[in-house]
Amino acid sequence: METNQRPYHLVVFGASGFTGQFVAEEVAREQVASGHSSSLPWAVAGRSREKLQRVLERAALKLGRPTLSSEVGIIICDVTNPASLDEMAKQAAIVLNCVGPYFYGEPVVKACVENGTSCIDICGEPQFLELMYWKYHEKAAEKGAYIIGSSGFDSIPADLGVIYTKNKMNGMLTAVESFLTIHSGPEGLCIHDGTWKSAVYGFGDQSNLKKLRNEANLKPVPIIGPKLKRRWPLSYCRELSSYSVPFLGADVSVVRRTQRYLHENLEQSPVQYAAYINMGGITSVIKLMFVGLFFLFFVRFGIGRQLLIKFPWLFSFGYFSKQGPTQKQMDGSSFTLRFFGQGYSQGFDPEKGKPNTRICTQVKGPEPGYVATPIAMVQAAMTLLNDASDLPSMGGVFTPGAAFFRTKLIDRLNQRGIEFSVISSSEV
Ligand SMILES: NC(=O)c1ccc[n+]([C@@H]2O[C@H](COP(=O)([O-])OP(=O)(O)OC[C@H]3O[C@@H](n4cnc5c(N)ncnc54)[C@H](OP(=O)(O)O)[C@@H]3O)[C@@H](O)[C@H]2O)c1
């Protein structure tokens, strides 16, 4: 990627946010880990200089880099001020956009595309991600900008996990189910309410997503082998001895878009995909079912959405808070994402029989929201900077899988503690 003309290779926009502060910290860590301290000029951006300075001071203290605050640029930029967005975009090779909920996101994408700047976000809202594709893909290609959405825990592990599973299968992978398990330590789990707000607006906007998909009227992607059956809303996963429910994040939308891209542009056989989250024992199932029912009821009405946003702690039974998780909670948490794939061995015709090959893989990593997400986002940016010849030849709006399937992103993630591995593989 061409970086010579721009003062900063990376600009972390929204660095004053709960997630943004950890993304900024991760860029500072990456500079040291990759020996790029002087060759990776970067800046933080946001609407409050004081907050941005405090973020840099905290990172300097935490990482033992006293000169950090003076080495990193500060850009004042507000989503509601297009000129400030243009100014930020002109100074960066890549903007790491941490400003959410992402209904704030379109002006950032627009400014980046118009200025030929690449942009990576950690959005988990399918309507934003899909809308950006329809509105900006062609213009981004023309300008040579790579706009890559959902590059956090939502949805790099799932999207790259399916690609990894496909690459490790001895034959043709046709369907995958994934099961997410979140492990917590003695202090329990907590998520910052920025994600809660995004979920409230995202679910409140489902009708626009439906409308967008109807208007797009895409040709269905072919189904190879038997159609992947949907599990019941509550099912028992024998392999993991746990109850599971469908995972309602962006993973399914993202993985399907990647599979469509790989099929339509590279004639690869598409993989069917479904995502579930493990709930553990029956007590957690009951608690989470209440959270889910309250949420799905209240999110349908304007006043319900206001209540959900005002009282995240109450309506989420303590899972989301305005303070976010403590350091101890983050240190004690981790995730495992298991993939169960099926397909056909080399030379076996899917038209002539049932799948005869199975594979189980996994992606394992640290606390998802504020440790794994910054790692995934920053490694996506490093891949964009360093693996240019393995990216799609023109810019555009891409899922992580579509942008990075040929690159070394999985190796980079493995080195940073988000580990991809094969658990088993067999013919049946
Ligand atoms: N993909 C994943 O797995 C993943 C993981 C974690 C988070 N996320 C997503 O990341 C997003 C942020 O979450 P969070 O918890 O960090 O939220 P947050 O703490 O509320 O941060 C929001 C950030 O946006 C900035 N902002 C708001 N309005 C702005 C404006 N008009 N102009 C410029 N900046 C503005 C805020 O700046 P001020 O400080 O000035 O208010 C703050 O820096 C959410 O959409 C969340 O879903 C995704």
Side-chain angles (χ1 to χ4, degrees), residues 11-26 44-55 74-85 87-89 95-108 111 120-129 148-160 180 182 189-203 205 247-251 253-254 275 277 309 312 319-325 330 333 335 337 363 365-378 380 399-400 418:
V11 169
V12 182
F13 183 37
S16 57
F18 191 81
T19 318
Q21 63 177 326
F22 295 115
V23 172
E25 226 178 87
E26 189 57 30
V44 287
R47 51 188 175 177
S48 155
R49 181 175 295 276
E50 292 70 37
K51 281 192 189 177
L52 294 170
Q53 255 156 357
R54 274 205 300 278
V55 166
I74 292 187
I75 300 173
I76 301 305
C77 182
D78 192 313
V79 167
T80 57
N81 177 348
S84 73
L85 290 172
E87 215 29 61
M88 170 178 71
V95 169
L96 300 183
N97 184 13
C98 304
V99 174
Y102 279 87
F103 60 69
Y104 295 127
E106 180 169 351
V108 184
I120 294 179
D121 73 46
I122 46 171
C123 175
E125 299 149 58
Q127 58 278 51
F128 171 77
L129 298 162
I148 305 170
S150 53
S151 296
F153 173 70
D154 247 6
S155 297
I156 282 197
D159 204 17
L160 274 294
L180 170 65
I182 306 283
L189 283 176
C190 181
I191 307 174
H192 185 252
D193 86 325
T195 296
W196 177 257
K197 278 188 204 148
S198 299
V200 171
Y201 291 121
F203 278 90
D205 202 24
F247 181 60
L248 298 180
D251 287 356
S253 150
V254 173
I277 177 162
I309 284 173
Y319 285 113
F320 290 82
S321 80
K322 288 186 188 289
Q323 296 73 37
M330 288 192 273
S333 306
F335 76 90
L337 186 56
V363 182
E367 188 281 333
Y370 314 104
V371 185
T373 290
I375 293 174
M377 188 183 211
V378 172
T399 57
I418 300 181

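We count ligands from 1, going down the list as the structure has it; atoms in each ligand are counted the same way.
- The shortest heavy-atom distance from Ser48 to ligand 1 is not under 4.0 Å.
- Each of the following atoms of ligand 1 lies closer than 4.0 Å to a heavy atom of Tyr102: 45 (O).
- Ligand 1 has Cys77 within reach: a non-hydrogen atom of the residue lies less than 4.0 Å from it.
- Residue nearest to atom 46 (C) of ligand 1, selected from Leu85, Val44, Thr195: Thr195 (by heavy-atom distance).
- Residue Lys197 does not touch ligand 1, judged by heavy-atom distances below 4.0 Å.
- Heavy atoms of Thr19 found under 4.0 angstrom from ligand 1 belong to the backbone as well as the side chain.
- Of the candidates Val99, Leu52, Val12, the one placing a heavy atom closest to atom 24 (O) of ligand 1 is Val99.
- When heavy-atom distances to ligand 1 are checked against a 4.0 Å cut-off, Ser198 comes that close only through its side chain, counted from C-beta outward.
- For the pair Glu125 (side chain) and Phe128 (backbone), a donor-acceptor distance under 3.5 Å is absent.
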Practice task
Any chance you could lay out the side chain to side chain donor-acceptor pair (under 3.5 Å) test for Asp78 and Ser84, step after step, and finish with the verdict?
Solution key: CA-CA 6 Å; Asp78 192 313; Ser84 73; over 6 Å; no
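- Considering each of Phe153, Trp196, Phe18, the one bringing a non-hydrogen atom nearest atom 19 (O) of ligand 1 is Phe18.
- Checking side-chain atoms of Asp121 against main-chain N and O of Ser150 turns up a donor-acceptor pair under 3.5 Å.
- A heavy-atom separation below 4.0 Å is not found between Gly124 and ligand 1.
- If you check each of Glu125, Met377, Arg47 against atom 27 (C) of ligand 1, the one with the closest non-hydrogen atom is Arg47.
- Contacts between Pro368 and ligand 1, counted as non-hydrogen atom pairs separated by less than 4.0 Å, are absent for every part of the residue.
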